[in-house]
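Quick caveat, the model's predicted, so the values are computed rather than measured. Read the numbers this way: they start at 1 and go in the same order the structure lists the ligands and their atoms.
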Amino acid sequence: MMVLITTAATSVESGAAGEKPCLRLTVLFDNVSHRPGLVPGWGFSCLVEVPGKTILFDTGADGGTLLANMKRLGVNPDGIAAVFLSHIHGDHTGGLGALLARRPGIQVFLPEGFPASFRRAVTERGADVRTVGAGGRLADHVTGTGGLSKDGIVEQSLIVETPQGLVVVTGCAHPGIARIVETAERLTGKKSHLLLGGFHLGGASRTGIQAIVARLRSLGVRKVAPSHCTGEAATALFRQAWGHDFVEAGLGAVIVVPL
Ligand SMILES: [Zn+2]
Ligand SMILES: [Zn+2]
C-alpha cells in the first residue's frame, strides 16, 4: 500500500525506475530542526522535486549553510533547474548568490514587485529571471499564487496539484496564511491537502492563532507542516488541532506525496 505522506528519510526509495511518480519535498534550511547532523539557521529553503523538474523554493539566509545541508542530505545542486523566491527578505534570498555561482544559468522565478535592482543583479549573475503571475506555470503540476502584498511586502507561494489535493508551500506567509490558501484554492478550484512552510504566527496572540486554526479547518486543509516563523505557541496549537494529520517538518524533513 502506498504511504500518502511520510517524513521519514526512508522514503528515499521512491523515484526509482518503475515507481509511481511523486512530489518530494526536502527542507534544506530552517531554524526548526527535524533531523540531527544539519546546520539550522533562521530562514527557510525547501527542495521541490516533481518528475522532470527540481525547483528550489527559497534559499535560506546564507549559501554556505544551504550548500552544506544539501551535501549532508545528498542533494546535488547541479540537479536544480530553477529557484522560486517567495519574497525579498534576506532569510529567504541570502543563499541565492552562492547557488548562482554554482548554477549560473538556472531560472529564477520572482513575483511582480521585486525591485528592478534585485532583478538586474540576479540577471547579471547569469540567471534566467522570470516573472510568475497568479496561476503561472513552473513545471507540470506546479504553479504559483502570484504576488500577494501586505504592508509593502510582496510574497508568492508555490502550489503543487496532486490527486489528494493541493500542496501549498509558503515562505513567511506575510500576506496571511489563510489568504494564501484561499488564493491557491480559488486559482485551481481544488482543496488543500498539505500546507508546508512558515505561517508567520510567531507574534500572534492565542486568540489570533485560534482564529487562523478555525479558518484553515473550515477551508478543509487536510494536513499541516508548519516551521520557520510559525512560532512555538502556534505550532503547538496546530499539532493539537490536526492530531495525526500534523506533519513534523523542519530542517531535514522529507515529505513524499504521490502524483
Ligand atoms: Zn519575511
Ligand atoms: Zn522568513
Side-chain angles (χ1 to χ4, degrees), residues 25-34 38-48 55-70 83-99 108-115 117-119 121-122 131-132 144-159 167-181 183-184 194-205 208-209 212 216 224-236 238 247-253 255:
L25 302 163
T26 307
V27 181
L28 299 174
F29 199 111
D30 206 320
N31 40 288
V32 175
S33 284
H34 177 79
L38 300 165
V39 185
W42 183 263
F44 187 71
S45 176
C46 179
L47 196 71
V48 179
I55 301 166
L56 185 66
F57 177 99
D58 287 346
T59 63
D62 79 275
T65 303
L66 177 71
L67 292 172
N69 286 339
M70 278 188 188
V83 173
F84 178 96
L85 291 182
S86 65
H87 68 300
I88 202 162
H89 288 161
D91 57 326
H92 297 256
T93 57
L96 183 62
L99 188 72
V108 176
F109 291 105
L110 305 177
E112 281 171 14
F114 261 58
S117 55
F118 187 97
R119 286 173 183 275
V122 175
T131 301
V132 53
T145 58
L148 303 176
S149 43
K150 193 186 174 198
D151 303 331
I153 302 164
V154 178
E155 180 167 346
Q156 62 178 351
S157 302
L158 185 141
I159 306 165
V167 173
V168 181
V169 184
T170 63
C172 257
H174 291 290
I177 190 68
R179 184 178 160 204
I180 291 169
V181 171
T183 303
L194 169 72
L195 192 52
L196 174 134
F199 294 4
H200 205 65
L201 296 167
S205 66
I209 297 164
I212 297 287
L216 293 176
V224 289
S227 66
H228 180 39
C229 56
T230 303
E232 284 179 22
T235 300
F238 276 96
V247 180
E248 297 291 342
L251 179 56
I255 296 168

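- A tilted orientation is assigned to the rings of His92 and His87, their planes being inclined by 30° to 60°.
- Between the Zn ion (ligand 1) and His89 there is an N/O/S contact shorter than 2.8 Å.
- At a cut-off of 2.8 Å, His228 coordinates the Zn ion (ligand 2) through an N, O or S atom.
- Angle NE2 (His87) to the Zn ion (ligand 1) to NE2 (His174): 100°, rounded to 10°.
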Could you walk me through whether Val154 and Phe114 satisfy the side-chain contact (heavy atoms from CB on, under 4.5 Å) test, starting with their C-alpha distance in whole Å, then the side-chain angles of each, then the deciding distance to 0.1 Å, before giving a yes or no? CA-CA 8 Å; Val154 178; Phe114 261 58; 5.6 Å; no
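- Residue-level check: among N/O/S atoms of Asp91, OD2 sits closest to the Zn ion (ligand 2).
- Looking only at its N/O/S atoms, His92 has NE2 as the one nearest to the Zn ion (ligand 2).
- Judged by distance alone, the side chains of Ser45 and Asp58 never bring a donor and an acceptor atom under 3.5 Å apart.
- A side-chain N or O of Asp91 and one of Trp42 form a donor-acceptor pair less than 3.5 Å apart.
- Residues His174 and Asp151 have side chains that never bring a donor and an acceptor to within less than 3.5 angstrom of each other.
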